[in-house]
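Report on one structure; see the data block that follows.
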Amino acid sequence: MNIVFHESCRTFHLYNDQISYILTVLPNGQLGQLYFGKAVRDRDDFSFLLETCSRPMASCVFDTDKKFSLEHIKQEYAVFGTTDFRSPAVEVVQENGSRISDFQYQTYRILPGKPGLEGLPATYTESDDEARTLIVTVKDPVTGLAAELLYTIFAEKGILSRSVRFINQGEETLHLTTAMSLCMDLPDSNYEWIQFSGAWARERYPKKRILEQGIQSVGSLRGHSSHNHNPFVILKRPTADEFQGEVIGFSLIYSGNFLIQAEVDTYNTTRILAGIHPSGFDWKLEKEQVFQTPEAVMVYSDRGMNEMSQTFHRLYQKRLARGYWRDRERPILINNWEATYFDFTEERLLKIAEKAKESGIELFVLDDGWFGERSSEHAGLGDWTANRNRLPEGIAGIAEKINKIGMKFGLWFEPEMVNRDSDLFRRHPDWILSAPDRRSSQGRFQYVLDFSRKEVVDCIYEMMADILSHAEISYVKWDMNRSITECYSAALPADRQGEVYHRYILGVYDLYERLTGRFPEVLFESCASGGGRFDPGMLYYAPQAWTSDDTDAVERVKIQYGSSYCYPVSSMGSHVSVSPNHQLNRSTPLSTRANVAYFGTFGYELDLNKLSGREQKEVKAQVAFMKQYRKLIQFGTFYRLLSPFENNRSAWMVVSPDKKQALVGCYRTLSETNAPYTRLLLKGLDEGTRYCIEGDSNTHYGDELMNIGLITSDASCGEMAEADVPCRDFDSRLYILNAL
C-alpha cells in the first residue's frame with residue numbers, strides 16, 4: 001500500500017497489491033482521472049495516459065490549444081459550464097447568481113490511517129498501517145471556496161473510499177446546490193449496470209441493464225434511502241459473473257436522499273456520480289463555514305461479484321460497524337409483533353417469553369404498543385413513557401420479570417415520528433416537518449418530527465435515555481415507518497430550507513451517536529418498515545437491520561440474496577414467522593422458514609404457545625442448531641451459488657476462515673416431477689482437504705465438491721417411491737461440511 005506523488009508530472013498514484021488509482025493535475029490546474037483498476041507498477045511518468053485531440057464543435061479552455069476541451073477529458077471532480085457539458089460533481093451559486101466554478105490544484109498531504117468525518121458515519125481504521133489517506137486541496141480563485149478531496153486506500157483488497165470537505169475561505173456567502181461525494185470518469189462504457197430496487201416487502205432485487213449513451217441512475221427523494229432503491233450500484237463487464245471478470249461496486253454511506261448516476265457520452269466514456277441527491281438540496285455556506293459530504297466506497301475486483309461482495313462484507317462488518325456487538329454472535333430473539341400486534345397484556349407477554357425460554361431463545365423483544373395511549377396506529381407516538389394499564393410496573397417492571405425468566409429484554413421505539421393524538425404534538429405542534437399554509441400529509445397516521453432542530457432531538461434523547469437508564473434493556477429496535485413529505489422546518493429561514501433533508505439525517509445520526517455512546521452494550525437494530533433504510537449509514541450505529549417486513553421464507557431468499565451483494569449476513573435481521581404468512585398468506589414448512597432465517601441474525605416472530613407439540617420440539621432443535629453454527633454463519637465467508645431470480649432452485653453457502661467447516665443452504669420454490677439429476681458446485685473449500693457431509697457416509701475432497709459438485713438430487717428425480725422422503729413446494733435442505 002502506498003501513495004506516491006510524482007512532482008515532475010504532477011501525478012498521484014494510490015496503489016496496493018490489488019488496485020491502482022491514478023490522477024493528475026491537468027494543464028488548466030484542475031484534476032484529471034487517468035486510471036482505476038487492477039494494480040500496475042509505479043513509474044515516474046503516467047502523463048501518456050492523458051489523451052487530447054482536436055474535435056469538431058469543441059469548446060476549448062485555452063484559445064491557443066484546440067485539443068484541450070474538458071468535454072473530452074476524464075476528470076476527477078468536474079464542474080459545469082467551462083467546456084464540460086456533462087453532469088457536474090459540484091455546483092456553487094455566487095451572490096451575483098453565477099454558477100461557474102474553477103477548482104484549481106493547491107496542495108496535498110498524505111496521512112497514515114484514515115480521518116473520521118464530523119457528524120457522519122464512515123469507515124475507519126484501528127491502526128495507521130491499515131490504510132493511507134491522500135487529501136488534495138483545490139480552490140476556486142474567484143469565490144475562495146476550497147475543497148479537500150479525500151481518498152483512502154486500504155492495505156488489503158480493492159477498496160478506495162472518497163469524500164469531499166468544502167471550506168468557504170472567501171468573503172461572500174455561497175450556496176452549494178450540488179456536492180457529490182464521488183466523481184469517476186471511466187475510459188469506456190462496456191459495462192452492465194446492476195442496481196438494487198423494489199418496494200416494501202420486496203426490497204433489493206437486482207436489476208441489470210447494459211450501459212448506453214445517456215444517463216441512468218438510482219436515487220431517493222423520500223428523506224431516507226428507501227425500500228425502492230438502495231445506495232449501491234455494480235458495474236461489471238458483460239463477461240463477468242459471480243466468480244470471474246472485472247467488477248466495480250459503488251456504495252454510499254448515507255441514509256438520506258441520494259443519487260448514484262452513470263452518464264455515458266457520445267464518445268463512450270462513462271461518468272459515475274454518487275452523493276447527496278442535488279434535487280431540493282441547497283446548503284448555505286457563509287464565510288469560514290464547512291460542509292462535509294458523506295463517504296462513498298468503491299470496491300474493484302477482477303474475480304467476479306462474489307469477491308467484490310466479500311470485500312464489502314468484511315469492510316462493513318469490521319470497519320464500519322462498531323462497538324460491543326461488532327464481533328459478537330447475535331442473540332436469538334423472539335419479537336411479539338406478529339404474535340400479538342397491539343392486542344397484548346403483560347400476562348400474555350410473559351407467557352410468550354416463558355415458552356421461548358423453554359426453547360432456548362435468549363432475548364424477548366417488546367414491539368409497538370407499550371407507551372402512551374398507544375392501542376392502535378392512531379395515537380401515542382412521541383410519548384415515550386410506559387402505558388401503566390398494560391404494564392403496571394412500567395418498562396423496568398416487565399424487564400425485570402423477563403430477566404428473571406432467564407432472558408434478555410429488548411424494546412421497540414419509533415423516535416422520529418409523532419401522532420397528532422399525543423401529548424408531544426399537543427405541546428409542540430410546530431415540531432413536525434410541515435409547509436406553511438399547506439396541508440400536512442400523513443403516513444400510517446403519523447407525522448415526521450423535525451430532527452433538523454436540536455431541541456427536538458434533545459427531547460427525544462432525554463425520553464429514550466431515561467427509559468434505557470432505569471430498566472434492564474439489552475436491545476433496541478429503532479423503527480421509522482414513513483417517508484418525509486412537506487419538508488419544511490419552522491426553525492430555519494427561507495434561504496436554508498434546502499438544508500432540511502440533510503440536517504434531518506444529521507439529527508438522526510446525532511441521536512444514534514449519543515445513545516450508543518451512553519449505552520454501549522445495548523444492541524441496536526435499525527428498521528424502517530423493514531428495509532426502508534437498510535444502508536451503510538445505519539450500520540455504523542446499529543450492526544444489524546430488519547431486512548424486510550416480509551417474513552415469507554420464499555420471498556426472503558430473494559431479499560437476502562439481493563442484500564448480500566453489498567451487506568454482510570451479520571447485518572440481516574431474519575425471523576421465523578407463522579404460517580400462513582401474514583404478508584403473503586403463503587404456507588411454507590417450518591424447516592424452510594428456519595433454513596432461510598439462519599442466514600442472518602435469526603429469531604422468531606410468532607407465539608410459540610400456538611404451535612403444536614411437534615412444532616415446538618422442532619423449534620428447540622432449530623435454536624440449538626443456530627447456537628452451534630451462528631459464528632460460522634454470521635462471520636464466515638459468504639458465497640452466492642444459484643440465484644433465485646434466475647432459477648427454481650437457489651443456493652448459498654458460508655465457509656469458516658480456516659476452511660474446515662461449511663454450511664450450504666439449498667432452496668426450491670416449486671416441486672418438480674421426474675426432474676433431472678442435480679449437482680451444486682461449491683466454493684471456498686480447501687482443494688486437498690477431505691470433507692464429511694452430515695448424512696452422507698462418503699467423504700469428498702474439496703476439489704471434487706468445487707469441480708464435480710455436491711450431488712443434490714432428491715426424490716423429485718424420477719418416480720417417487722413410497723420409501724422416499726417426499727418432496728414439496730417451498731422445500732429446502734442444509735448440508736453441513738466438516739474437514740476430516
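Here, residue 1 is the first one in the sequence, and each next residue gets the next number.
Note on residues 560-586: pairs passing ring-ring contact (aromatic ring centres under 6.0 Å, His included), not counting sequence neighbours, are Phe196-Tyr565, Tyr341-His582, Phe534-Tyr567, Trp546-His575.
Between Asp535 and Ser225, the shortest heavy-atom distance links the atoms OD2-OG, 2.7 Å. Cys666 and Val664 make their closest contact through SG-CG1, 3.9 Å (heavy atoms, listed as atom of the first residue, atom of the second, distance).
Here the two rings, on Phe258 and Tyr254, have centers that are 6.0 Å apart or farther. Taking the six-membered ring for Trp and the full ring otherwise, Phe342 and Trp337 have centroids separated by under 6.0 Å. Aromatic pair Phe425/Trp431: ring centres not closer than 6.0 Å. In this structure, the ring of Phe409 has its center no less than 6.0 angstrom from the ring center of Tyr475.
For the 3.5 Å distance criterion, the side chains of Asp367 and Asn335 qualify, holding a donor opposite an acceptor. Checking Gln583 against Glu555 by side-chain atom types alone, no donor-acceptor pair falls below 3.5 Å. Checking Tyr447 against Gln442 by side-chain atom types alone, a donor-acceptor pair falls below 3.5 Å. In the model, Thr588 has no side-chain atom that pairs as donor or acceptor with a side-chain atom of Asp552 under 3.5 Å. Asn481 and Asp479 form a side-chain donor-acceptor contact under 3.5 Å, judged by distance and modelled atom types alone. For Asp450 and Ser452, the side-chain atoms include at least one donor-acceptor pair closer than 3.5 Å. Looking at His224 and Ser255, their side chains never bring a donor and an acceptor atom within 3.5 Å of each other.
Residues Ser570 and Arg330 form a side-chain contact, since some pair of their non-hydrogen atoms from C-beta on lies under 4.5 Å apart. Between Glu362 and Lys408 there is no side-chain heavy-atom pair separated by less than 4.5 Å.
Ring pair Phe413/Trp370 is perpendicular by interplanar angle, where above 60° counts as perpendicular and below 30° as parallel.
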Anything under 3.5 Å between a donor and an acceptor, one on a side chain of residues 460-467, the other on a protein residue two or more places apart or in another chain? List them.
unit_1: Tyr461; atom_1: OH; unit_2: Arg518; atom_2: NH1; d: 3.2
unit_1: Asp466; atom_1: OD1; unit_2: His470; atom_2: ND1; d: 3.3

Enumerate, atom names and distances included, each donor-acceptor pair closer than 3.5 Å involving a side-chain atom of residues 619-628, sequence neighbours excluded.
unit_1: Gln622; atom_1: OE1; unit_2: Tyr604; atom_2: OH; d: 2.7
unit_1: Gln622; atom_1: NE2; unit_2: Leu590; atom_2: O; d: 3.3
unit_1: Lys627; atom_1: NZ; unit_2: Gly360; atom_2: O; d: 2.7

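For the pair Arg328 and Tyr324, the cation-pi test (distance below 6.0 Å, angle within 45°) is passed.
Taking the charged nitrogens against the carboxylate oxygens, Arg533 and Glu416 do have a contact shorter than 4.0 Å, which makes a salt bridge.
For the pairing with Ser574, the side-chain contact (heavy atoms from CB on, under 4.5 Å) check across Arg593, Gln560, Gln544 returns one residue only, Gln560. Results of the ring pair (Phe, Tyr, Trp, His ring centres under 6.0 Å) test with Trp652 over Tyr639, Tyr598, Phe599 single out Phe599 as the only residue that passes.
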message = One pair to check against ring pair (Phe, Tyr, Trp, His ring centres under 6.0 Å): Tyr124 and Tyr540. What are the steps and the verdict?
response = CA-CA 10 Å; Tyr124 60 89; Tyr540 186 73; 7.0 Å; no

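The number of heavy atoms from other shown groups lying within 6.0 Å of CD (Glu615) is above 12.
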